[in-house]
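Values below: every heavy atom of this structure, side chains too, minus hydrogens, waters and symmetry copies. So that the names make sense, note that chain A is the first sequence line, chain B the second, and so on, each numbered from 1. These numbers come from a predicted model, not from an experiment.
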Amino acid sequence: MMFKRLTGALIGATLALPAVVSTASAYELVIPSLDYRTGPYAPNGIPFANGYHDYLMMLNERDGGIEGVKVKLVQCETAYNTKQGVECYEKTKDTPPSRALVYQPLSTGITYQIIPKASVDKIPVHSMGYGRTSAANGKVFEWIFNFPATYWDQAAVLVKYIGEKEGGMDKLKGKKIALVYHNSAYGKEPIRTLEKAAEKFGFELMLLAVDHPGQEQKATWLQIRRERPDWVLMWGWGVMNQVAIKEASSIRYPMDHFIGVWWSGSENDVLPAGDGAHGYLSGAFHAPGDNFPAHDDIKKHVYDKGKAQGERDRIGEVLYNRGLIAAVYASEAIRNAMKIHKTKEITPAMMRDGIESLDLTEARLKELGLPGFTIPVKITCANHAGPRKVALQQWDAKAKKWSFVTDYYDTMNDIVDPLIQEDSAQYAKENNIKPRDC
Amino acid sequence: MFYREAGQFKTSYIADQSILPIAQDRVFVFGFMAVAFLGVPWFIDSYWANAIFVPFLAYALAAIGLNLLTGYCGQVSLGTGGFMAVGAFATFKLITLFPDLNLIIVILLSGAITAAVGVLFGIPSLRIKGFYLAVATLAAQFFLVWLFNKVGWFFNYSPTGQITMPSVEMFGVLVTGPSASPAARYLFCLGFVVLFALAAKNIVRGRVGRSWMAIRDMDIAAELIGIRPLAAKLSAFAVSSFYIGMAGALYFGVWLGSAEPIEAFGVEQSFLVLFMIIIGGLGSILGSVLGAAFMTLMPIFLKNFMVDGLAVEVVTAKHVEITLMGVLIVFFLIVEPHGLARMWQILKEKLRLWPFPY
């Protein structure tokens with residue numbers, strides 16, 4: 001009996017599968033959110049997804065959407081797996097009424113996967129500080145954006161910081177810098193930049209790969225203990241971060257000489273190592289903490305109304321804020337697109353124009369309740385990477401807080417720009433793309 | 001009532017040996033093929049092609065390949081992911097070195113290259129058996145993935161180690177790359193799977209397949225009746241790897257379009273294909289296809305059912321999906337340890353007696 005009912009329900013579901021649920025007739029802005037709250041990358045995926053969700057829900061609750069048009073957030077679980085990411089992309093891209101306006105998959109692997117697809121489907125992709133670095137060249141990558149800075153900019157800035165600490169770039173000569181990286185497209189991104197920098201400044205680069213999912217790093221850190229590099233950089237994600245920081249503290253590697261990419265610098269990466277993580281550094285492009293007016297609005301309009309997906313005391317974590325700023329970029333680009341095209345019913349193509357002429361000034365950030373939260377961003381047709389500035393933040397294990405220890409550094413254009421030109425030219429050649437004039 | 005072969009007489013050996021001796025089966029299979037080839041392409045959209053049919057077909061081909069080796073010849077292999085990687089990287093290298101080569105030839109060549117690699121890693125099977133062989137093939141898995149991740153020549157020195165499939169035309173229609181139409185991708189994969197499933201079915205019915213089964217059932221007895229274990233085992237590795245290599249080529253070339261070795265061809269891949277043939281039925285071509293369908297489509301179906309049908313929260317749905325997949329696998333194996341193919345067979349027998357079972 002039970003089985004019969006179950007089979008009945010399953011058959012019913014099969015029939016219902018292709019049917020699209022259409023509810024309100026009013027126009028809605030579809031924003032797909034490819035999150036991952038399961039698997040080895042969930043510790044990092046969850047706060048980001050919460051921040052993204054909460055900010056857009058706050059707009060819906062407080063302002064009735066963006067310029068009065070509700071946001072329809074379509075969530076899809078990818079588990080940080082490219083195959084599931086493809087399924088999610090295919091599933092969400094044509095969601096009515098507006099189709100998917102922008103993708104922010106928070107995965108370099110999925111970004112690589114959807115770059116060619118989205119360019120054909122004419123849907124913009126904003127891989128915010130991840131994905132394919134050469135997408136910075138808007139002449140070739142018409143639909144792909146990666147502002148506010150790329151991996152290569154970040155690698156360059158980290159070298160700059162090390163040079164500063166050593167007392168000048170010329171002091172880098174003969175130093176040994178190790179890169180501990182996730183053995184995937186993501187982790188390999190900075191290698192070429194670091195190799196160029198090593199050539200230019202004469203330091204020795206040591207490459208140490210960590211395989212997915214990154215729980216096994218004993219051998220890596222044994223090697224670091226033996227070779228004693230002067231500095232260690234890390235391109236890690238998910239549980240790999242926590243394990244690396246714990247291993248580093250257990251071999252007593254000086255934490256203030258251990259710098260993570262901005263994807264390796266959030267609370268859940270350092271907390272498991274306890275006091276051992278004190279002094280650990282990471283890249284950053286926005287402030288940590290929940291002391292901004294926008295956070296108060298989120299608490300009031302989302303958490304107090306019981307519409308939140310996360311926990312209240314985790315608002316303001318680094319990755320929560322990163323999800324929030326991603327949602328800010330998306331919503332501001334939508335506003336911009338509405339202004340340009342003088343309609344509230346925008347399409348993905350209009351959204352692209354909105355992102356391409358996005359100009360998020362400090363004054364506007366203040367209006368949004370985020371004064372001094374991040375650097376102003378101005379996107380142009382040729383430059384899809386924006387300001388390309390990176391700061392460093394440091395972990396204080398006693399206060400359990402991240403805080404900025406430097407100002408925003410500029411990238412090293414002499415190293416990074418030729419690499420971007422070279423890689424984007426190769427992509428254009430492989431895919432028969434004629435670079436746009438701009 | 002409807003499914004009964006009474007009155008169907010076979011008057012020749014050819015008729016007696018046909019794959020589908022019962023007329024109703026023939027009608028069903030040909031009807032099914034007609035729908036698959038002529039009906040589906042009209043309705044298929046990019047979601048159905050890229051998320052459902054193409055991955056299913058690629059995995060079905062891989063499962064057939066592994067079933068030839070494990071189900072028919074009894075050699076347990078955990079190297080499937082690695083062999084799929086060989087097929088994918090061979091396709092990538094061939095298509096970038098010879099852009100004008102026909103894609104079908106490229107995929108066949110990739111299969112042949114994988115077959116050679118498979119034979120190489122099959123050599124230990126002459127000395128070691130069972131679980132020990134599984135460990136030896138596991139070494140192949142890790143070695144191959146490491147190789148493709150390490151040596152720049154294989155991925156044309158791309159900075160991220162990713163390989164990307166260029167857009168390739170067949171008879172004026174794009175079948176790979178982002179602009180390829182869903183129907184073209186689907187038909188291309190379907191053609192390969194149907195053709196090679198038929199070939200596999202015939203191989204296992206013939207002398208070669210029988211020698212594999214003899215080795216599987218008892219290798220000493222097989223040797224005594226004159227089957228050479230060397231030839232039988234290595235041919236099983238070769239044919240199996242040929243299939244898996246082609247599956248890897250379709251998986252990378254037609255479905256994903258770009259891949260990085262560790263994630264796309266990791267050990268999870270090997271286990272997934274092994275589970276497919278265990279659930280589908282060891283030693284059955286139909287079972288491979290059913291198993292592939294179960295393992296690739298069931299999670300997507302469960303997810304869509306829960307998220308769209310029942311409006312469950314996405315993350316809860318994911319957790320339930322993982323649990324439910326496990327439960328279903330255990331359930332099916334308890335109900336029928338010989339897999340879905342055996343279930344299908346029982347169903348057919350019941351149908352023959354229906355509506356008067358005794």
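For the pair Lys83(A)/Tyr251(B), a side-chain contact is recorded, criterion being any heavy-atom separation below 4.5 Å from C-beta on.
Applying the salt bridge (Lys or Arg N to Asp or Glu O under 4.0 Å) criterion to Lys196(A), with sequence neighbours excluded, gives no partner residue. Not counting sequence neighbours, the partners of Gln104(A) by the side-chain hydrogen bond (donor to acceptor under 3.5 Å, both in side chains) test are Tyr52(A), His126(A).
When every heavy atom of Glu87(A) is checked against every heavy atom of Ala51(B), the shortest pair comes out as CG-CB, 3.5 Å. Pairing each heavy atom of Pro116(A) with each of Pro178(B), the nearest pair is O-CB, 3.4 Å. Closest of all the heavy-atom pairs between Lys318(B) and Ala79(A) is CE-CB, 4.5 Å.
Remark: side-chain polar atoms of Glu90(A) are not paired, donor with acceptor, to backbone N or O of Trp48(B) under 3.5 angstrom. Under a 3.5 Å cut-off, the side chain of Glu260(B) and the backbone N or O of Ala185(A) do form a donor-acceptor pair.
Counting heavy-atom pairs closer than 4.5 Å to chain B, the top-ranked of the candidates Gln84(A), Gln113(A), Lys117(A) is Gln113(A). The choice from Ile191(A), Val86(A), Asn183(A) that makes the most heavy-atom pairs within less than 4.5 Å of chain B is Asn183(A).
Heavy atoms closer than 4.5 Å to chain B are found nowhere in Tyr151(A), neither backbone nor side chain. Proximity to chain B is absent for every atom of Gln426(A), based on heavy atoms less than 4.5 angstrom apart. Looking at Ile262(B), the atoms closer than 4.5 Å to chain A (heavy atoms on both sides) all sit in the side chain, from C-beta outward. Neither the backbone nor the side chain of Glu321(B) comes within less than 4.5 Å of any heavy atom of chain A. Looking at Ser167(B), neither its backbone nor its side chain comes within 4.5 Å of chain A, counting heavy atoms on both sides. In this structure, no portion of Asn432(A) lies under 4.5 Å from any heavy atom of chain B. In this structure, chain A has no heavy atom under 4.5 Å from any part of Ala49(B).
A donor-acceptor pair shorter than 3.5 Å can be found between the side chains of Ser46(B) and Lys93(A).
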Q: Take Lys188(A) and Asn149(B) through the side-chain contact (heavy atoms from CB on, under 4.5 Å) test and state the conclusion after the steps.
A: CA-CA 11 Å; Lys188(A) 288 179 193 165; Asn149(B) 199 30; 2.5 Å; yes
(Q) Walk me through whether Thr82(A) and Glu263(B) qualify under side chain to side chain donor-acceptor pair (under 3.5 Å). (A) CA-CA 8 Å; Thr82(A) 46; Glu263(B) 199 198 356; 3.1 Å; yes
**Q.** Residues Lys91(A), Asn304(B); criterion side chain to side chain donor-acceptor pair (under 3.5 Å); working and verdict
**A.** CA-CA 10 Å; Lys91(A) 191 169 158 53; Asn304(B) 288 339; 3.2 Å; yes
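For a heavy-atom cut-off of 4.5 Å, chain B lies close to Arg37(A), Thr38(A) in residues 34-44 of chain A. At a heavy-atom cut-off of under 4.5 Å, chain A is reached by Tyr157(B), Ser158(B), Pro159(B), Thr160(B), Gly161(B), Gln162(B) from residues 153-166 of chain B, listed in order of number.
By the 4.0 Å N-to-carboxylate-O rule, Lys303(B) lies too far from Glu77(A) to be salt-bridged with it.
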